[in-house]
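What follows is a short report on a single structure.
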Amino acid sequence: MKSNETVNGPDGDQDVKDTSRRNFLKQSSLLTAVALTPGTAVKAAVMHVDEKIAAVFEKMPLKMEVNGKPQKLSVEPRSTLLDILREQLDLTGTKKGCDHGQCGACTVHVDGRRVNSCLTLGIMMSGKKITTIEGLANSDQLHPMQEAFIKHDGFQCGYCTPGQIMSAVACIREGHAGSEHEIREYMSGNICRCGAYPNIVNAIQEVKDGGQTV
Ligand code: FES
Ligand code: FES
């Protein structure tokens with residue numbers, strides 16, 4: 001029966017109202033169903049995102065060796081190696097410059113290879129051997145590269161220096177210190193705002209030419 005259909009019988013007016021009400025309820029139910037479906041989907045999506053965010057902050061176990069010492073840590077999956085070294089292990093010799101992989105101040109060695117620790121997720125370091133500037137010297141005996149930097153005045157403010165030294169050691173180990181040009185090329189990821197480049201190159205050349213084990 002249509003809502004505006006004339007109804008027979010003594011109670012005709014009432015029947016028209018009932019029909020209208022039924023149709024109204026049907027339409028309302030439909031609208032409610034339509035309205036609720038996307039809402040539920042959004043709610044589920046929000047819960048999913050919440051879970052993902054919670055997972056980012058949930059700490060995970062990490063075992064690695066740092067400067068010869070085994071370390072058992074609990075780290076957030078989003079933590080960088082740089083932040084773990086500085087904030088959890090108090091190894092603040094490794095510097096945070098750009099935090100974007102552009103300056104080299106955060107250079108450390110992972111299994112003997114240089115990496116930008118600001119771009120390295122700590123959780124990926126499970127079972128790795130990390131060496132920072134604090135682990136380069138042999139007790140009170142400076143590493144030859146540290147001595148050469150002092151001798152050749154390879155720093156001014158010193159902020160970039162730990163990263164420069166770690167990179168310089170790796171540069172020789174990699175066999176990329178054959179000439180001034182090659183040293184400059186393979187040290188180009190380490191920025192020195194004080195402009196100590198010529199002295200840094202001299203220091204690297206001396207260690208390379210001296211044939212010391214680095
Ligand atoms: S702090 Fe890592 S490259 Fe600048
Ligand atoms: S010594 Fe100052 S930034 Fe390099």
Side-chain angles (χ1 to χ4, degrees), residues 56 60 62 64-67 71 73 75-137 142-174 176-177 179-208 210 212 214:
V56 168
M60 300 177 74
L62 169 64
M64 60 183 182
E65 187 181 301
V66 181
N67 298 333
Q71 299 286 350
L73 302 164
V75 303
E76 291 179 2
R78 69 191 178 114
S79 296
T80 62
L81 176 59
L82 174 60
D83 286 343
I84 292 168
L85 291 172
R86 288 180 58 85
E87 291 169 21
Q88 288 190 244
L89 296 175
D90 287 331
L91 294 171
T92 53
T94 306
K95 302 301 181 208
K96 183 181 281 194
C98 63
D99 209 16
H100 282 80
Q102 293 168 354
C103 73
C106 64
T107 306
V108 298
H109 295 171
V110 175
D111 288 344
R113 300 186 62 186
R114 52 179 159 172
V115 302
N116 287 334
S117 58
C118 72
L119 291 186
T120 306
L121 281 177
I123 204 67
M124 305 295 288
M125 295 296 100
S126 178
K128 307 275 188 196
K129 293 183 179 179
I130 318 297
T131 307
T132 69
I133 190 70
E134 290 91 342
L136 207 56
L142 288 180
H143 186 278
M145 192 62 76
Q146 290 171 309
E147 287 181 338
F149 265 64
I150 293 170
K151 179 179 170 188
H152 289 276
D153 227 1
F155 52 89
Q156 289 180 40
C157 78
Y159 197 81
C160 73
T161 310
Q164 298 280 4
I165 290 175
M166 297 309 287
S167 218
V169 169
C171 186
I172 294 178
R173 281 186 191 157
E174 292 162 9
H176 291 136
S179 65
E180 179 183 338
H181 176 77
E182 194 178 24
I183 291 170
R184 285 183 179 273
E185 174 73 20
Y186 282 88
M187 289 294 292
S188 62
N190 290 79
I191 307 299
C192 176
R193 278 180 286 184
C194 297
Y197 297 113
N199 299 0
I200 291 171
V201 171
N202 289 342
I204 296 172
Q205 278 183 319
E206 178 173 290
V207 175
K208 161 77 172 38
Q212 290 114 315
V214 293

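Whatever order the structure lists them in is the order used to number ligands and atoms, beginning at 1.
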Atoms of ligand 2 less than 4.0 Å from [X] heavy atoms?
X: Gln156; value: 1 (S)
X: Arg193; value: 3 (S)
X: Gly158; value: 1 (S), 2 (Fe)

Practice problem: Enter the distance from Met64:CE to Asp111:CG here, rounded to the nearest 0.5 Å. | Solution: 11.5 Å
Only heavy atoms of [X], strictly under 4.0 Å: list the atoms of ligand 1 that pass.
X: Cys106; value: 1 (S), 2 (Fe), 3 (S)
X: Gly101; value: 3 (S)
X: Cys118; value: 1 (S), 2 (Fe), 3 (S)
X: Asp99; value: 1 (S), 4 (Fe)

pair [X]-[Y]: side-chain heavy atoms closer than 4.5 Å:
X: Ile123; Y: Arg78; value: no
X: Leu82; Y: Asp99; value: yes
X: Ile172; Y: Met145; value: yes
X: Phe149; Y: Gln164; value: yes
X: Thr94; Y: Leu81; value: no
X: Leu62; Y: Ile84; value: yes

Quiz item: Backbone or side chain, does Cys194 get an N/O/S atom under 2.8 Å to atom 2 (Fe) of ligand 2?
Solution: yes
Quiz prompt | Cys160 near atom 4 (Fe) of ligand 2: N/O/S under 2.8 Å | solution = yes
Self-check item: Heteroatom test (N, O or S) for Cys157 near atom 4 (Fe) of ligand 2, limit 2.8 Å
Solution: no
Quiz prompt | Side-chain H-bond candidate by donor/acceptor type, Arg114 with Thr107, under 3.5 Å | solution = no
Quiz item: With a 4.0 Å heavy-atom cut-off (strictly under), which part of Ala196 contacts ligand 2: side chain, backbone, both or neither?
Solution: neither
Practice problem: Please identify each residue that fulfils side chain to side chain contact (heavy atoms under 4.5 Å, CB included) with Arg184, with sequence neighbours left out. | Solution: Glu180, Tyr197, Pro198, Val201
Quiz item: Backbone or side chain, does Cys103 get an N/O/S atom under 2.8 Å to atom 4 (Fe) of ligand 1?
Solution: yes
Quiz prompt | Backbone or side-chain N/O/S of Cys98 under 2.8 Å of atom 4 (Fe) of ligand 1 | solution = yes
